[in-house]
Amino acid sequence: MDYLFTEEQKQIRKLVRRIAEEKVVPVRAELDESETFPRDIMRACADTGLFGVSLPEAYGGLGGGITESCLVVEELSRACLGVSVSYAASLLGAYPILIGGSEELKKRYLPQLASGKRLAAFGLTEANAGSDASGIRTEARRDGNYYVINGTKQWITNGGEADIYSVITITERSKGGRGATGFVLEKGMEGFSFGKKEKKLGIRASATRELIFQDCRVPKENIIGREGTGFIIAMKALDRNRPSVGGQAIGVSQGALDLAVAYAREREQFGNKIISFQAVQHMLADMAIQVEAARALVYAVTRYIDTNPKDFSKLSAIAKVFPSDAAMKVTIDALQIFGGYGYMREYPVEKMMRDAKILQIYEGTNQIQRNVIALELIKEAASKKR
Ligand code: COS
């Protein structure tokens, strides 16, 4: 099903599929094994304009919406989730600037990010502030024309590899989330360093590091929006990006399903190809149902968001939860169809299963997403009553 994509969107999908097949599939096992950041693949994405697909033309982008970036993410994820998240994390890092930045900040940073010459990252999470995002402790204190930042961000995707960081700090502790403020920081600023590269279960091609700020002085012009708006800007950035986690999920699910079908057509047991067994057919059918339902959901939601509605938190959460839960199930079942071979690292399905797990955790756990959805349901019901 082609989901009535425009010619331009189909061209994007075709281009990314080619990059994925030619540049990602041949190296994905090696990138995973050696935990190597996919710099060359990011360069190929940059050279073909893919970092700009969902950024406005006024800032050097191609003017598309999140439907376009989701297409990129889906196709890259079909080959390797570690690669696709490296791409997607740069967009997430751009969103706070796009959503809340001054015109000057947008002009300074977005064209560099749209060209892919420089990568971005988003710094919100801390050791003691994951789901409870308003509990962050990294502090920014005004000092003349500068803010002085102290604290540590944890598990930051693209940490150390990106050049531009949208970081959420606290400027007024007594106000909690209402005292949070975002800043753009650049790699190389004095007092800004990185922790060691984390060793992960999956998405091992991606880089995950701490961001460490020790009296890091940032010019006041690098503030994103105004003091006190950081939490809401972060929430809006996540709302915008969560369907892209859905896109990652449909990509990895489709990749696993394709491999499972191909394997089941080849593998013989009891004198027959295993695809002739109804038990296997039903597993494949259930996988296909999940993948297609997730895809229909994700692109319905991205199209809606691309019409610039006011509030889409609930839909965005739904477009993250369903596909990511589905991806976990689909990749586990794909491995099951491969049997003992699936458990071996020579075959790509065990990597897909390891990779898929993070989709239920990052950018807001699926439990937190269910809270968001339920709270919206309660609000909607209350407003209908009035
Ligand atoms: N868009 C706009 N505003 C939002 C918002 C959203 N999606 N979500 C919350 N807000 C606003 C609220 O309206 C509230 O505003 P007021 O102070 O004017 O009332 C303010 O932000 C605080 O909201 P709330 O009280 O709901 O905040 P909580 O501290 O209870 O946290 C959750 C809410 C749990 C939803 C939030 O902390 C969250 O999303 N956690 C997950 C974080 C995450 O995704 N981490 C991954 C990091 S990147 S890998």
Side-chain angles (χ1 to χ4, degrees), residues 73 81 84-86 88-96 98-100 120-138 152-159 162 165-170 172-182 198 200 202-203 206-211 224-246 248-249 301 305 308-321 324 357-380 382-383:
V73 163
L81 213 55
S84 74
V85 72
S86 309
S90 191
L91 264 186
L92 176 60
Y95 285 153
L98 185 66
I99 291 166
F122 176 65
L124 172 65
T125 301
E126 296 179 6
N128 295 313
S131 290
D132 182 8
S134 57
I136 54 170
R137 292 277 172 193
T138 295
T152 302
K153 294 288 171 186
Q154 181 167 268
W155 300 329
I156 305 306
T157 307
N158 282 355
Y165 295 79
S166 292
V167 175
I168 311 299
T169 68
I170 288 288
E172 204 168 340
R173 186 160 292 183
S174 61
K175 289 191 176 168
R178 278 281 169 198
T181 306
E198 301 289 352
K200 307 188 294 283
I203 54 163
S206 71
T208 310
R209 289 190 177 87
E210 282 178 341
L211 314 182
I224 305 176
R226 285 175 290 108
E227 276 192 27
T229 59
F231 184 72
I232 288 175
I233 289 172
M235 291 298 111
K236 286 185 172 169
L238 287 165
D239 280 350
R240 212 176 160 69
N241 208 54
R242 282 188 183 124
S244 158
V245 179
Q248 292 174 31
V301 171
I305 296 176
N308 289 319
K310 198 163 171 285
D311 183 11
F312 45 85
S313 305
K314 183 181 83 178
L315 283 173
S316 166
I318 290 174
K320 191 251 177 189
V321 169
S324 55
K357 183 62 206 166
I358 193 63
L359 301 169
Q360 295 177 304
I361 299 173
Y362 65 20
E363 296 203 25
T365 64
N366 283 7
Q367 286 70 30
I368 287 291
Q369 300 315 300
R370 286 180 168 90
N371 289 357
V372 169
I373 296 162
L375 274 174
E376 283 297 320
L377 289 175
I378 294 164
K379 267 200 241 162
E380 284 165 14
S383 69

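Note that ligands are numbered from 1 as they come in the structure, with each ligand's atoms numbered from 1 the same way. From a predicted model like this one, the values you see are computed outputs, not experimental measurements.
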Exercise for the section: Look at ligand 1 and say whether Gly177 reaches it with a heavy atom at a distance under 4.0 Å. Expected result: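 Flag not set, Gly177 not near ligand 1.
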Which residue and non-hydrogen atom of the protein lie closest to [atom], and at what distance in Å?
atom	answer
atom 34 (C) of ligand 1	Ser131 O, 3.9 Å
atom 31 (O) of ligand 1	Phe231 CZ, 3.9 Å
atom 35 (C) of ligand 1	Val372 CG2, 3.9 Å

Ligand-residue contact atoms, ligand 1 with [X], heavy atoms, under 4.0 Å:
X	result
Glu363	44 (O), 46 (C), 49 (S)
Leu238	43 (C), 44 (O), 48 (S)
Gly364	43 (C), 44 (O), 45 (N), 46 (C)
Arg178	15 (O), 16 (P), 17 (O), 18 (O)
Ser134	29 (O)
Thr125	47 (C)
Asp239	1 (N), 6 (C), 7 (N)
Gly130	42 (C), 45 (N)

Output yes when a protein non-hydrogen atom is found under 4.0 Å of [atom], and no otherwise.
atom	answer
atom 42 (C) of ligand 1	yes
atom 26 (O) of ligand 1	no
atom 19 (O) of ligand 1	no
atom 29 (O) of ligand 1	yes
atom 39 (O) of ligand 1	yes
atom 15 (O) of ligand 1	yes

So do [Y] and [X] actually touch side chain to side chain, heavy atoms under 4.5 Å?
X	Y	value
Phe122	Asn241	no
Val167	Leu211	yes
Asn128	Arg137	no
Glu363	Leu92	yes
Ser86	Asn158	yes
Arg209	Ile156	no
Glu172	Thr181	no

Exercise for the section: Ignoring angles and geometry beyond distance, decide whether Lys236 reaches within less than 3.5 Å of ligand 1 through its nitrogen or oxygen atoms. Expected result: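 It does not: no N or O of Lys236 is found under 3.5 Å from an N or O of ligand 1.
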Which bit of [X] is near ligand 1, meaning a heavy atom under 4.0 Å away: side chain, backbone, both or neither?
X	answer
Arg242	side chain
Ala133	both
Trp155	neither

Problem - Heavy-atom neighbours of Arg226 CZ exceed 12 at 6.0 Å - result: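 It does not: Arg226 CZ has 12 such atoms or fewer within range.
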Exercise for the section: Could you point out which residue of Glu198, Lys200, Gln154 forms a side-chain hydrogen bond (donor to acceptor under 3.5 Å, both in side chains) with Thr208? Expected result: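 Testing each of Glu198, Lys200, Gln154 against Thr208, the sole residue satisfying side-chain hydrogen bond (donor to acceptor under 3.5 Å, both in side chains) is Lys200.
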Exercise for the section: Identify which of Ile358, Ile136, Ile232, Thr229 has a heavy atom lying nearest to atom 2 (C) of ligand 1. Expected result: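 Minimum heavy-atom distance to atom 2 (C) of ligand 1 goes to Ile232.
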Problem - Identity of the nearest option to atom 4 (C) of ligand 1, non-hydrogen atoms only, from Met235, Lys314, Glu376 - result: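 Checking each option, the heavy atom nearest atom 4 (C) of ligand 1 is found in Met235.
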Minimum heavy-atom distance [X]-[Y], with the two atoms named:
X	Y	result
Met235	Ala133	CE-CB, 4.1 Å
Gly100	Ile233	CA-CD1, 3.9 Å
Ile168	Gly230	CD1-O, 3.8 Å

Practice task
Please answer whether the main-chain N or O of Thr138 pairs with a side-chain N or O of Glu126 as donor and acceptor at a distance below 3.5 Å.
Solution key: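 Judged by distance alone, yes, a pair lies under 3.5 Å.
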Problem - Spatial distance of atom CG (Leu91) from atom CG (Leu98) [nearest 0.5 Å] - result: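 Answer rounded to 0.5 Å: 9.5 Å.
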